[in-house]
Amino acid sequence: MAPILNGEVDIVIPTIRSLDFLENWRPFFEPYHLIIIQDGDPTKVIKVPQGFDYELYNRDDINRILGPKASCISFKDGACRCFGFLVSKKKFIYTIDDDCFVAKDPSGKDIDALAQHLDNLTKPATPYFFNTLYDPYREGADFVRGYPFSLREGVPTAVSHGLWLNIPDYDAPTQLVKPRERNTTYVDAVMTIPKGTLYPMCAMNLAFNRELVGPAMYFGIMGDGQPLGRYDDMWAGWCSKVVCDHLGYGVKTGLPYLWHSKASNPFVNLKKEFKGLFWQEEMIPFFQSVVLPKECTNAQQCYLELAKMVKEKLGPIDPYFHNFAAAMVTWIEAWEEFNAPAKAKIDSLKSA
């Protein structure tokens with residue numbers, strides 16, 4: 001398992017409530033720095049258990065720090081978590097929801113989800129040829145007969161997508177027809193999602209290499225004042241996968257599991273998702289058809305090209321996508337402002 005890289009990891013948590021759930025994670029999270037994004041009413045006091053190293057931002061902080069660019073950060077939606085990605089200076093990000101707890105493996109042992117994510121991210125991925133023993137870099141596995149030797153070195157892993165036991169990550173229509181369904185199946189496997197294949201990314205148990213793909217992990221404008229919600233993480237998943245495919249990075253899914261404790265209201269979810277249930281039938285073919293120019297050599301450049309394509313191809317569906325494309329550009333402007341070498345140098349001088 002990967003070593004504790006506490007100088008290279010930030011844990012980002014969006015929340016509207018006190019973070020008592022962290023007590024459950026204390027053995028695993030206490031060595032790390034937390035970035036907490038308080039959604040909703042900024043006057044509400046968010047309590048964090050003692051002993052954790054953290055910084056907390058509310059909406060007033062976001063408006064003060066970003067100024068006019070704050071319009072690209074969603075309000076009253078889990079998409080606000082991407083502000084934490086923006087202000088982090090660490091190599092790796094782990095983001096988790098506040099209704100998720102430590103799960104147990106089939107032997108009854110507590111699962112250190114963050115350690116498994118770091119193990120995934122610090123080992124190569126194999127997006128160009130599928131290995132039927134799944135992740136060949138895991139102990140006890142290897143490349144199977146017929147796997148090209150020229151591809152066995154793999155590529156850097158940019159995203160580690162974990163799963164959940166108990167409450168599945170379903171859309172509202174599926175919730176309504178399967179209200180009592182629970183996921184009890186633990187599959188001891190990690191696999192690389194093949195190049196050219198999209199997937200529905202869930203942000204409740206997600207880690208990524210911020211240096212490789214951070215600019216593409218934008219969760220969009222959703223929630224309050226927007227016609228769409230609950231597509232924020234899926235949007236970031238489609239964008240980041242297209243960018244990873246273009247830049248030659250890998251995306252893994254499977255282990256680790258956590259315990260998802262609370263099912264959200266399917267009727268509230270249906271209201272948030274309603275337009276997306278129709279729009280996704282055009283959004284997904286759009287992402288499947290994206291070809292980025294070879295001149296795009298980093299995630300920022302790729303994302304700006306995606307913004308142009310979103311405006312051109314998805315804009316005719318609804319004016320919302322024009323606004324979304326503009327927010328994508330604003331996000332990259334904010335990213336470059338916060339991550340410019342000069343800014344890093346100033347920060348280091350301030351802390352000296």
Side-chain angles (χ1 to χ4, degrees), residues 1-3 5 8 91-94 103 105-107 109 111-165 169 183 185-202 205-214 216-217 234 236-258 284-285 287-294 296-299 302:
M1 199 64 71
L5 302 172
E8 297 185 71
K91 181 176 182 177
F92 299 111
I93 295 287
Y94 177 47
D105 67 18
S107 72
K109 181 181 177 182
I111 297 169
D112 185 346
L114 180 49
Q116 176 67 59
H117 277 299
L118 291 174
D119 191 57
N120 291 346
L121 289 169
T122 53
K123 291 179 179 177
T126 54
Y128 302 117
F129 202 90
F130 189 80
N131 192 58
T132 50
L133 273 181
Y134 304 115
D135 190 341
Y137 305 102
R138 288 187 70 192
E139 185 177 351
D142 210 327
F143 293 96
V144 298
R145 181 172 56 89
Y147 200 101
F149 284 90
S150 60
L151 296 177
R152 294 190 182 194
E153 184 179 352
V155 302
T157 301
V159 181
S160 173
H161 178 254
L163 299 175
W164 358 263
L165 296 171
D169 183 35
N183 180 31
T185 304
Y186 179 98
V187 179
D188 186 16
V190 177
M191 67 185 78
T192 298
I193 300 173
K195 181 181 179 182
T197 300
L198 298 174
Y199 72 111
M201 189 179 83
C202 172
N205 182 19
L206 176 72
F208 60 93
N209 185 320
R210 185 179 178 278
E211 294 178 357
L212 296 183
V213 77
M217 278 293 180
M234 287 183 285
W238 299 330
C239 289
S240 59
K241 183 58 166 63
V242 166
V243 170
C244 285
D245 286 352
H246 175 76
L247 296 177
Y249 303 141
V251 177
K252 293 183 179 181
T253 188
L255 301 179
Y257 284 86
L258 48 64
I284 292 172
F287 282 105
Q288 288 173 326
S289 67
V290 164
V291 177
L292 293 167
K294 63 181 181 180
C296 293
T297 57
N298 61 42
C302 290

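Counting from 1, the numbers follow the sequence of the chain as shown.
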On the 0 to 90° scale, with breaks at 30° and 60°, tag the Phe143-Tyr147 ring pair as parallel, tilted or perpendicular.
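Plane angle between 30° and 60°, so tilted.
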Nearest 0.5 angstrom please: [X] [atom1] to [Y] [atom2], how far?
X	Y	atom1	atom2	answer
Lys123	Ser160	NZ	OG	11.5 Å
Ile193	Leu198	CD1	CG	9.0 Å
Leu206	Ile93	CG	CD1	10.0 Å
Met234	Asp169	CE	CG	7.5 Å
Lys252	Asn120	NZ	CG	5.0 Å

Please check this pair: side chain of [X] against backbone of [Y], looking for a donor-acceptor N/O pair closer than 3.5 Å.
X	Y	value
Ser240	Ala216	no
Lys241	Thr197	yes
His246	Pro293	yes

Pairing donors with acceptors under 3.5 angstrom, does anything connect the side chains of Asp112 and Gln116?
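Side chains of Asp112 and Gln116: no pair found under 3.5 Å.
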If we only count heavy atoms from C-beta on, is the [X] to [Y] side-chain gap below 4.5 Å?
X	Y	result
Cys202	Trp164	yes
Val144	Asn131	yes
Tyr134	Leu255	no
Tyr94	Leu118	no
Tyr137	Val190	no
Leu258	Ile111	no
Tyr249	Asn209	no

Set out, in order, the CA-CA distance, both residues' side-chain angles and the distance that settles side-chain hydrogen bond (donor to acceptor under 3.5 Å, both in side chains) for His117 and Asn205, then state yes or no.
CA-CA 9 Å; His117 277 299; Asn205 182 19; 2.8 Å; yes
